[in-house]
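Note: hydrogens, waters and symmetry copies are ignored here, and every other heavy atom, side chains too, is used. The chains referred to below are lettered A, B, ... by the order of the sequence lines, with proteins before strands, and numbering in each begins at 1.
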Number of protein chains: 2
Amino acid sequence: MSDKRAEILETAVRATKRDGLRKVSFRQLADQVGVKSSSVHYHFPTKADLAESMVRDYTDAFAARLEDIAACESTLPGKIDALVQVFADVLAADDLCLCGMMAAELSTLDARTGHALRQFFRVTEDWLTEQIDMHRQDLRIDLSAKDLGKVILAALEGAILLDRVDRDSERLQAFSRMARAILD
Amino acid sequence: MSDKRAEILETAVRATKRDGLRKVSFRQLADQVGVKSSSVHYHFPTKADLAESMVRDYTDAFAARLEDIAACESTLPGKIDALVQVFADVLAADDLCLCGMMAAELSTLDARTGHALRQFFRVTEDWLTEQIDMHRQDLRIDLSAKDLGKVILAALEGAILLDRVDRDSERLQAFSRMARAILD
DNA sequence: GTCTATATACAGATAGAC
DNA sequence: GTCTATCTGTATATAGAC
């Protein structure tokens with residue numbers, strides 16, 4: 001992968017996390033990386049190509065971060081706290097999770113990007129389910145690891161979405177306290 | 001308020017719940033209600049005017065529905081279930097909550113619409129806090145009513161966002177089971 | 001790989017007739 | 001209140017030179 005291609009991809013992800021894919025244009029990307037829009041089309045023929053590459057790239061990077069967390073943190077509350085911190089960092093930059101943002105834009109996405117999006121959520125939920133199952137005995141609530149994993153990701157995506165409107169992190173913090181009340 | 005104005009508003013809300021405000025155009029709205037785009041501009045001079053009216057209208061209707069639920073359901077699990085059903089109905093139509101959708105589009109909203117958006121979330125969270133406080137003794141978890149209200153709304157907004165991508169309601173259902181496990 | 005130039009479509013918004 | 005007509009800006013995408 002050429003340097004320019006990677007630079008365009010990185011720029012597109014950053015812009016989409018803040019403004020959404022619909023507001024990101026080939027012209028704007030071209031200006032930001034210092035080329036013409038036709039050169040962006042050389043690397044990503046259509047916007048659908050760009051969108052799919054963004055989601056796949058983001059998913060790989062996110063999965064790597066999840067593995068880091070699993071390796072560094074030994075307790076379930078520690079792992080959840082670390083995940084909350086990932087979302088808190090995105091929120092502090094006034095951004096959303098790329099895939100949460102694109103989920104809102106679902107009706108304008110092509111089938112391949114939609115599939116890549118589903119994969120992101122599946123991978124993240126599978127990681128959560130695995131971590132929860134590993135610490136089953138610590139749960140203070142009668143709920144399957146799968147259900148709990150789904151609710152945790154939904155709550156985090158919703159919390160960052162709503163918190164950004166308030167330019168605060170009250171909901172992420174409330175989630176953090178709830179997690180501590182349930183897990184430990 | 002004239003009939004046409006109300007019809008435009010209703011049409012705009014329906015389209016925005018599915019596609020987002022950015023994809024909704026004055027031309028498209030005009031076609032759908034059978035007038036020309038300049039006539040839509042007569043009722044809503046700018047897109048910001050339209051957006052703010054949509055959020056206020058939606059908030060009023062939603063608040064009325066919350067009051068209905070409070071009046072009809074006597075138990076906290078019953079109230080939460082009824083709220084989940086509201087979101088499930090929106091999801092079944094392949095839509096999102098209007099304000100969840102517009103929260104994703106925050107960076108393209110004017111200040112007044114942003115304020116109206118904050119009001120929607122505040123009103124809904126306040127209702128939840130009130131209902132939870134009313135049934136404090138039923139809680140199986142050590143968490144403030146305010147925190148729990150915030151997490152519940154975040155989880156519902158996130159669940160509908162992610163579930164729509166999968167054309168399923170797995171996360172809303174998982175939330176429902178979690179609520180039952182916590183609330184009794 | 002990047003450029004100039006362009007085709008085509010659609011966006012928000014407004015002037016002025018009726 | 002609604003219309004016709006139009007201004008201005010921007011979008012995705014492509015052809016063909018270098």
Side-chain angles (χ1 to χ4, degrees), chain A residues 1-55 57 101-102 104-114 116, chain B residues 1-55 57 101-102 104-114 116:
Chain A
M1 173 151 65
S2 71
D3 281 1
K4 266 296 176 223
R5 191 192 135 98
E7 193 183 347
I8 292 167
L9 209 50
E10 188 187 357
T11 304
V13 168
R14 194 169 351 110
T16 301
K17 285 163 75 180
R18 182 156 312 168
D19 299 326
L21 182 64
R22 289 187 61 83
K23 205 190 174 185
V24 173
S25 72
F26 281 77
R27 279 170 162 76
Q28 167 203 353
L29 287 176
D31 286 348
Q32 287 178 358
V33 305
V35 295
K36 294 297 173 180
S37 68
S38 50
S39 297
V40 180
H41 277 287
Y42 169 80
H43 294 288
F44 305 97
T46 69
K47 204 167 182 181
D49 295 321
L50 176 62
E52 189 189 353
S53 297
M54 284 166 61
V55 174
D57 201 62
M101 176 64 88
M102 290 182 69
E105 300 178 292
L106 182 73
S107 77
T108 71
L109 301 180
D110 64 297
R112 293 167 68 95
T113 305
Chain B
M1 173 152 64
S2 71
D3 280 1
K4 266 297 177 222
R5 190 193 135 100
E7 193 183 346
I8 292 167
L9 209 50
E10 188 187 357
T11 305
V13 168
R14 193 168 354 109
T16 301
K17 285 163 75 180
R18 182 155 309 167
D19 300 324
L21 183 64
R22 288 187 61 82
K23 206 190 172 186
V24 173
S25 71
F26 281 77
R27 279 168 162 78
Q28 167 202 352
L29 287 176
D31 286 348
Q32 287 180 359
V33 305
V35 296
K36 295 298 173 181
S37 68
S38 51
S39 298
V40 180
H41 277 287
Y42 169 80
H43 293 288
F44 305 97
T46 69
K47 204 166 183 182
D49 294 321
L50 176 61
E52 189 190 353
S53 297
M54 286 167 59
V55 175
D57 201 61
M101 176 65 88
M102 291 182 68
E105 300 178 291
L106 182 74
S107 77
T108 71
L109 302 180
D110 63 297
R112 294 167 67 96
T113 305

Enumerate the residues from residues 40-55 of chain A whose closest heavy atom to DNA chain C is under 4.0 Å, giving them by residue number; use none for an empty result. Tyr42(A), His43(A)
What does the inter-axis angle of the helix from dG1(C)-dC18(D) to dC18(C)-dG1(D) come out as, five pairs per end, nearest 10 degrees? 0°
Sugar-phosphate only, base, or nothing, as touched by Val24(B) at under 4.0 Å among non-hydrogen atoms: sugar-phosphate
How close or far is atom C1' of dA11(C) from atom CG of Asp31(B), stated in whole angstroms? 14 Å
Return the residues of residues 104-112 of chain B meeting this criterion: a heavy atom under 4.0 Å from some atom of DNA chain D. Order them by number, or give none. none
Using a heavy-atom cut-off of 4.0 Å across all strands, would you classify Ser25(A) as base, sugar-phosphate, or nothing? sugar-phosphate
If I take atom CD from residue Gln32(A) and atom OG1 from residue Thr11(A), how far apart are they, to the nearest 0.5 angstrom? 6.0 Å
Check step by step if side-chain contact (heavy atoms from CB on, under 4.5 Å) holds for Val33(A) and Glu10(A). CA-CA 10 Å; Val33(A) 305; Glu10(A) 188 187 357; over 6 Å; no
Trace of the side-chain contact (heavy atoms from CB on, under 4.5 Å) decision for Arg5(B) with Ser53(B): CA-CA 10 Å; Arg5(B) 190 193 135 100; Ser53(B) 297; 3.7 Å; yes
Can you figure out which of dA15(C), dA11(C), dC3(C) approaches the side chain of Arg27(B) most closely? dA11(C)
Once hydrogens and angles are ignored, does a donor-acceptor distance under 3.5 Å link the base of dT12(D) to the side chain of Ser37(A)? no
Rounding to an integer number of Å, can you tell me how far Gln28(A) CD sits from dT12(D) C1'? 14 Å
Distance, rounded to the nearest Å, where Lys36(A) contributes NZ and dT12(D) contributes C1': 17 Å
Rounding to an integer number of Å, can you tell me how far Arg22(B) CZ sits from dA11(C) P? 12 Å
Can you tell me how far OG1 of Thr108(A) sits from NZ of Lys23(B), rounded to the nearest 0.5 angstrom? 6.5 Å
Does a side-chain N or O from Ser39(B) land closer than 4.0 Å to OP1 or OP2 of dC3(D), or not? yes
The side chain of Phe26(A) lies closest to which of these nucleotides: dT12(D), dC3(C), dC3(D)? dT12(D)
Residue-phosphate contact under 4.0 Å: Ser2(A) side-chain N/O, dG1(C) OP1/OP2: yes
